[in-house]
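For reference, the structure discussed in these notes is given below.
Keep in mind that this is a model prediction, so the values were computed, not measured. Each chain gets a letter, A, B and so on, in the order the sequences are listed, and its residues count up from 1.
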Number of protein chains: 2
Amino acid sequence: MPSRIVVSRELAELLKLLAHPDRLRMIEELRHGEKDVTSIAAALDLPSTRISQHLAPLRAHRLVEDRREGRNHFYRLTQPAIAAWIVEALEFLDVRSRLDESAHIERVRELWTADTPASSR
Amino acid sequence: MPSRIVVSRELAELLKLLAHPDRLRMIEELRHGEKDVTSIAAALDLPSTRISQHLAPLRAHRLVEDRREGRNHFYRLTQPAIAAWIVEALEFLDVRSRLDESAHIERVRELWTADTPASSR
DNA sequence: TCCATACCTGCGTATATATGCAGATTAATG
DNA sequence: CATTAATCTGCATATATACGCAGGTATGGA
């Protein structure tokens with residue numbers, strides 16, 4: 001019998017897990033399929049140790065699953081819909097100092113969901 | 001020119017702000033309109049000091065706005081759509097040990113969105 | 001003006017998270 | 001079997017958050 005308190009705790013845990021810039025970018029990176037640790041690290045221009053450290057809690061909470069192939073570990077989103085759900089949140093970003101709000105949101109959404117260009121890392 | 005890194009930082013900040021059980025319940029509480037601090041505290045069965053402490057960062061990041069009427073401060077969601085967006089996340093909650101997943105999600109969603117019954121506080 | 005109510009803020013302590021670095025594991029390769 | 005590559009884990013430190021409690025501010029009423 002799950003009480004609302006229990007649900008709020010689980011929800012908060014999920015959000016806390018997502019509430020880190022690196023991890024958000026990692027999830028976006030995995031949006032279109034599995035990738036190994038080194039690839040993720042290269043895409044985000046971060047040391048692979050750091051990616052590993054971020055993957056640990058994501059794995060523990062089953063947000064990602066991994067598949068080992070030789071010495072490479074390929075990770076994928078357990079629930080890919082989470083990535084789309086995160087994109088929805090872009091419209092809630094701080095509205096201060098936006099001249100044309102809807103245009104701004106559209107620009108941010110495109111930036112976020114585009115294939116990783118080196119200039120946006 | 002917002003880079004993806006900047007966006008990920010802002011997103012993470014937003015998520016961190018939401019990533020607390022009390023604050024999630026407060027947002028759900030404000031879903032259907034404004035409420036003053038004492039009412040929120042009563043609904044969640046928490047000391048009003050704590051509600052105030054949670055409201056401070058939410059206010060600072062413009063997730064809520066307040067209106068003062070006499071000595072009461074009525075708070076409301078600046079972007080009510082956030083509450084609905086949070087409800088969407090219920091389906092991402094840990095799937096472990098669910099016998100009938102869709103029924104479970106439905107049950108959780110109803111519990112979460114129902115008018116606060118004393119038994120679920 | 002004095003008091004009570006409704007909130008807010010500051011402070012100290014406890015706990016959690018982030019992150020660089022060193023070292024351990026595991027698997028392919030020579 | 002030694003070496004290297006890919007990844008994971010442990011540790012220490014820095015920083016951030018949470019939360020009870022004390023004290024402060026503002027408003028309305030006696």
Phosphate contact ([N] OP1 or OP2) by [X] side-chain N/O below 4.0 Å:
| X | N | answer |
| --- | --- | --- |
| Arg23(B) | dA18(D) | yes |
| His54(A) | dT17(C) | no |
| Arg50(A) | dA18(C) | no |
| Arg68(A) | dA27(C) | no |
| His73(A) | dC8(D) | yes |
| Arg71(A) | dA28(C) | no |

Separation of atom [atom1] in [X] from atom [atom2] in [N], rounded to whole Å:
| X | N | atom1 | atom2 | answer |
| --- | --- | --- | --- | --- |
| Leu46(A) | dG20(C) | CG | P | 9 Å |
| Leu17(B) | dA18(D) | CG | C1' | 14 Å |
| Arg59(B) | dT9(C) | CZ | C1' | 10 Å |
| Glu13(A) | dT15(C) | CD | P | 18 Å |
| Gln53(B) | dG20(D) | CD | C1' | 8 Å |
| Leu55(B) | dT9(C) | CG | P | 10 Å |
| Ile40(B) | dC8(C) | CD1 | C1' | 14 Å |
| Arg9(B) | dA16(D) | CZ | C1' | 16 Å |

Nearest-0.5 Å distance that lies between atom CD1 in Ile27(B) and atom CG in Leu18(B): 5.0 Å
Rounded distance (nearest 0.5 Å) linking atom CG of Leu90(A) with atom CD1 of Ile105(A): 8.5 Å
Sugar-phosphate, base or nothing in reach of Tyr75(A), heavy atoms under 4.0 Å: sugar-phosphate
Sugar-phosphate only, base, or nothing, as touched by Thr49(B) at under 4.0 Å among non-hydrogen atoms: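 Result for Thr49(B) = base.
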Glu28(B) with Arg31(B): basic N within carboxylate O range, under 4.0 Å: yes
Salt bridge present between Arg109(A) and Glu106(A) (N-O < 4.0 angstrom):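 A salt bridge is present here (some side-chain N lies under 4.0 Å from a carboxylate O).
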5' precedence on DNA chain C between Phe74(B) and Asp22(A) (nearest-nucleotide basis):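 Closest to the 5' end, via its nearest nucleotide, is Phe74(B).
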Candidate nucleotides dT9(D), dC8(D), dT9(C), ranked by approach to the side chain of Ser52(B) - the nearest: dT9(C)
Parallel, tilted or perpendicular: rings of Trp85(A) and Phe92(B) (30°, 60°):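 Judged by the thresholds at 30° and 60°, the geometry between Phe92(B) and Trp85(A) is perpendicular.
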